[in-house]
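Data block below; observations after.
Only a predicted model underlies this, so the values are computations on that prediction, with no experimental measurement involved. Excluded from the calculations below are hydrogen atoms, water molecules and symmetry mates; all remaining heavy atoms, backbone and side chain alike, are included. All ligand and atom numbering here is 1-based and tracks the order in the structure.
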Amino acid sequence: MTTYPHLLAPLDLGFTTLKNRVMMGSMHTGLEDKSEHFPRLAAYFAERARGDVALMVTGGYAPNIEGWLSPFGSRLASSGAAKKHRQVTDAVHAEGGKIALQILHSGRYGHTPLSVAPSKLKSPITSFTPRELSVRGIERQIRCFVRCAVLAREGGYDGVEIMGSEGYFINEFLTTYTNRRTDEWGGSYENRMRLPVEIVRRVREAVGKDFIIIYRLSLIDLVPGGSNWDEVVQLAKAIEKAGATLINTGIGWHEARVPTIATSVPRAAWTWLTKKLKPELTIPVITSNRINVPEVAEQVLADGCADMVSMARPFLADPDFVKKAATNRRSEINVCIGCNQACLDHVFAQKMSSCLVNPRACNETELNYIPTKKRRKFAVVGAGAAGIATATVLGERGHEVHLYDSADKIGGQLNMAASIPGKEEFHEMLKYFDAKIKATGVTVHLNTRANVETLRAGGFEEVFLASGVTPRSPKIQGQEHPKVLSYIDVLHHKKPVGDQVVIIGAGGIGFDVAEFLVKGEHSPTLNLPEWLAEWGVVDPSVAPGGVVKPKPTAPARKVTLLQRKPGKPGAGLGKTTGWIHRAELKSRNVEMLGGVNYEKIGDEGLYITFGEKRENGTWLPADNIVLCTGQEPLRELEQPLRDAGMKVTLLGGADVAGELDAKRAINQGSRAAAAVA
Ligand code: NAP
Ligand code: SF4
């Protein structure tokens with residue numbers, strides 16, 4: 001008996017059978033762009049095929065240069081290029097997997113001067129205005145889609161996914177918001193939907209019956225003037241008739257101002273839309289977005305929301321997701337926490353993707369945790385992100401590891417992150433590491449402040465010092481006033497906080513504290529109807545595109561957030577999530593000020609001035625002032641250990657406190673442990 005009978009049931013597609021109901025959704029990793037990276041790409045996909053996911057979809061490949069996302073980005077347009085894909089598809093098939101190539105035409109989202117679209121309308125998130133296609137130009141694009149699908153088959157793929165959502169080329173034809181044409185490709189809905197239907201019909205004609213065609217359909221555009229529900233259903237039916245094998249779900253255009261996959265989006269937040277669509281079709285429907293654990297995926301299928309579940313980032317976090325679920329090892333699944341920090345944020349910064357919780361993702365050919373030939377004994381001091389990553393990788397490799405922490409539980413600052421409304425997924429990370437510590441045989445010494453004597457007496461070959469950070473003092477006149485609190489007082493010690501609060505420092509922690517204080521104990525992430533109302537999301541049969549005026553909940557306190565740097569606070573937050581944090585605070589009337597000098601603290605509150613000339617001095621009244629002014633390394637043990645002749649490696653915040661986050665800490669710790677001989 002399996003715990004996940006729906007998830008693990010095979011799916012018969014007629015000409016082929018998928019071994020379970022799990023698809024790894026398309027993700028651009030950066031490895032697609034150059035064929036010299038294909039050996040890495042092959043290893044990445046092969047590992048996931050070995051983990052028993054039924055079907056995988058590659059990152060997007062443009063069918064021609066007009067469809068490029070960025071200059072010289074991934075493209076499949078020749079037989080020579082198709083041959084190179086064989087190393088990827090052969091590696092997947094050797095592991096018993098199936099893989100489809102995603103055909104992605106960027107349309108007006110192309111970051112190139114070659115971009116084309118139904119109408120000459122620039123998107124708010126790109127700097128180029130697309131060229132409006134002529135009728136012949138549209139025909140040419142369709143032929144390129146068909147050629148790309150045929151080449152994918154030549155390259156050994158089991159199918160293609162035609163990207164029809166997220167506001168890219170095909171999606172742009174569907175709505176009058178981006179399609180102002182008056183010819184046979186614009187105007188009535190029949191005309192606007194002609195492009196995707198023609199593409200699917202002609203692709204099916206060209207590739208034959210025994211080839212998977214997934215069509216990714218936008219179920220809710222989340223932009224004003226987007227498709228209404230009748231149009232979505234009409235298109236889905238036409239796509240089925242045109243020959244698609246599977247319908248996959250797309251949620252929201254990239255320019256939408258509603259988060260769709262970030263950690264603060266409730267789990268399975270969009271499955272009600274696939275549930276609504278499924279009875280209209282006979283082909284299987286795939287649901288997606290913020291499904292990251294097998295019990296949620298199972299429930300979604302059991303509830304009849306879809307026939308299959310697509311998860312993308314969860315397979316960066318853990319290639320063995322399906323295998324572990326199938327063999328009753330749920331606690332061993334390394335859960336994607338939806339942070340975007342090492343995946344999407346990297347892609348936007350033109351860096352290779354990886355994963356915050358699994359630095360091996362996309363690095364499978366160079367970062368491996370090889371079993372040791374000689375078991376050695378190590379101490380790791382500090383059970384925060386860097387420490388637990390180091391300890392578990394050392395343990396996994398077969399070393400004897402002793403992990404020390406003065407707290408009564410593992411996790412360090414991760415525990416504070418988990419207490420922020422909207423960051424509940426951090427609990428999964430803590431649970432995973434707890435299980436991993438047990439599975440790898442690491443001996444944990446909690447409530448234990450390691451010192452030189454114990455470490456010397458322990459006979460350790462090396463000490464990994466991941467002792468973390470201590471809050472930086474901003475040295476403001478009067479900061480010893482009782483109304484001044486540190487972020488640790490607020491988030492960890494849960495000291496009472498008044499109704500009017502000034503936060504000094506607007507980095508990641510300043511924003512976290514602000515969210516904690518304005519949301520109170522309450523997390524909209526845990527209540528789907530409230531979350532949808534907060535972001536103004538409704539059924540697309542109520543409003544086209546499924547968006548109306550947001551209704552945020554009232555703030556629990558009056559909060560002011562300050563930084564010394566001029567400019568808007570939050571500029572240094574993650575590319576794909578910073579805007580969400582700023583929007584959430586703005587909707588709760590948080591005042592955010594930059595270019596501030598902190599002059600003094602007194603009974604009245606905080607006295608500030610502005611700019612280099614220290615002008616416009618004013619008192620900001622406050623019941624409490626919370627210091628979120630960064631950290632300094634905590635490494636008091638380093639020198640005494642070295643003096644005692646011990647080998648010491650500094651990790652995480654103990655190494656460099658500035659801009660420390662869990663991504664850097666876990667990556668550094670894992671790599672240090674992998675490098676030990
Ligand atoms: P941080 O991001 O470095 O921010 C520190 C803040 O304090 C800045 O606003 C800085 O801006 C201010 N500051 C620095 N020195 C100061 C001084 N002497 N006096 C007054 N203000 C000072 O550090 P953090 O907020 O403590 O976060 C620590 C790390 O955790 C960061 O790397 C952060 O990215 C990460 N984190 C990330 C997230 C996330 O959601 N991704 C959430 C929490 C934490 P000014 O100098 O302009 O005032
Ligand atoms: Fe998930 Fe974060 Fe890893 Fe991306 S970096 S896959 S969002 S855990």
Side-chain angles (χ1 to χ4, degrees), residues 24-25 27 29 261-265 290 292 311-319 321 334-347 353-362 384-385 413-414 416-420 422-423 425-426 428-429 432 468-476 479 486-488 491 503-516 561-578 580-581 592-598 606 608 625-632 652-653 656-667:
M24 172 175 147
M27 281 176 288
T29 63
I261 59 165
T263 190
S264 57
V265 176
R290 280 291 284 129
N292 61 341
M311 291 177 268
R313 297 169 300 167
F315 284 96
L316 286 179
D318 198 331
F321 184 103
N334 199 357
V335 175
C336 163
I337 58 169
C339 65
N340 287 355
Q341 279 175 251
C343 51
L344 275 176
D345 284 348
H346 275 211
V347 170
S353 265
S354 186
C355 173
L356 179 142
V357 299
N358 172 27
R360 287 196 64 249
C362 301
Q413 302 233 6
L414 297 174
M416 280 191 274
S419 71
I420 308 298
K423 285 196 161 180
E425 293 291 357
F426 275 83
E428 289 288 350
M429 196 166 149
Y432 166 76
V469 291
T470 185
R472 178 190 289 136
S473 164
K475 300 190 177 70
I476 302 169
Q479 74 178 40
S486 74
Y487 66 87
I488 298 174
L491 298 179
I503 298 173
I504 297 183
I509 291 180
F511 268 77
D512 274 0
V513 169
E515 284 194 39
F516 180 83
L561 182 58
L562 308 175
Q563 71 176 23
R564 298 176 303 178
K565 279 186 286 293
K568 70 175 176 186
L573 298 177
K575 170 89 180 155
T576 60
T577 51
I580 302 169
H581 297 299
M592 296 180 239
L593 301 174
V596 173
N597 309 302
Y598 312 121
L606 171 70
I608 59 167
I625 294 161
V626 185
L627 303 180
C628 303
T629 49
Q631 291 94 15
E632 309 282 359
V656 183
E659 287 169 28
L660 173 75
D661 59 17
K663 180 181 77 172
R664 175 152 69 81
I666 292 175
N667 186 39

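Residue K423 touches ligand 1 through its side chain alone, judged by heavy-atom distances below 4.0 Å. With a 4.0 Å heavy-atom cut-off, ligand 1 is reached by the side chain of Y598 but not by its N, CA, C or O. By the criterion of a heavy-atom distance under 4.0 Å, neither the backbone nor the side chain of P569 is placed next to ligand 1.
C336 lies close to atom 1 (Fe) of ligand 2, since one of its N, O or S atoms is found at a distance under 2.8 Å. For a distance bound of 2.8 Å, the N, O or S atoms of C355 include none lying that close to atom 2 (Fe) of ligand 2.
Selection from Q413, Q631, Q341 by nearest heavy atom to atom 28 (C) of ligand 1 gives Q631. When the heavy-atom distances from atom 20 (C) of ligand 1 to L627, T629, V469, T263 are ranked, the shortest goes to T629.
Not a single heavy atom of G574 sits less than 4.0 Å from an atom of ligand 1. Heavy-atom distances between F511 and ligand 1 stay at or above 4.0 Å for every pair.
Checking only distances, R472 does come within under 3.5 Å of ligand 1, N or O to N or O. Looking at ligand 1, you won't find any N or O of G505 less than 3.5 Å from one of its N or O atoms. Between R564 and ligand 1, an N or O atom pair is found at a separation short of 3.5 Å. Between A506 and ligand 1, at least one N/O pair is under 3.5 Å apart. Below 3.5 Å of separation, one finds an N or O of K565 facing an N or O of ligand 1. For G508, a nitrogen or oxygen atom sits less than 3.5 Å from a nitrogen or oxygen atom of ligand 1, counting backbone and side chain alike. For a threshold of 3.5 Å applied to N or O pairs, the pair formed by D512 and ligand 1 contains no separation below that value.
If you number the atoms of ligand 2 from 1 as listed, the ones under 4.0 Å from a heavy atom of L356 come out as 3 (Fe), 5 (S). Distances below 4.0 Å separate heavy atoms of C343 from the following atoms of ligand 2: 4 (Fe), 5 (S), 6 (S), 7 (S). Listed by number with element, the atoms of ligand 2 under 4.0 angstrom from any heavy atom of N340 are 2 (Fe), 7 (S). Proximity to G338 (heavy-atom distance under 4.0 Å) selects the following atoms of ligand 2: 1 (Fe), 7 (S). With ligand atoms numbered from 1 in the order given, ligand 2 contributes 1 (Fe), 8 (S) to contacts under 4.0 Å with heavy atoms of I337. Atom numbering of ligand 1 starts at 1 in the shown order; those under 4.0 Å from a heavy atom of G630 are 5 (C), 7 (O), 23 (O), 26 (O).
When only non-hydrogen protein atoms are considered, atom 35 (C) of ligand 1 lies nearest to L660 O, 3.5 Å.
Ring geometry for H581 against F511 counts as perpendicular: the plane angle is over 60°, on a 0 to 90° scale with 30° as the lower cut.
Defined by atom type and a distance below 3.5 Å, a donor-acceptor pair is present between the side-chain atoms of S473 and Q479. Inspection of the H346 and K663 side chains reveals an N or O donor paired with an N or O acceptor under 3.5 Å.
Q341 pairs in a side chain to side chain donor-acceptor pair (under 3.5 Å) with only one of the listed residues (T263, D661, T576), which is D661. Only one option out of I504, I625, L627 pairs with Y598 in a side chain to side chain contact (heavy atoms under 4.5 Å, CB included); it is I504.
For the atom pair SG (C343) and CD1 (I261), the distance works out to 7.0 Å, reported to the nearest 0.5 Å.
At a distance under 4.0 Å, no protein heavy atom can be found next to atom 3 (O) of ligand 1.
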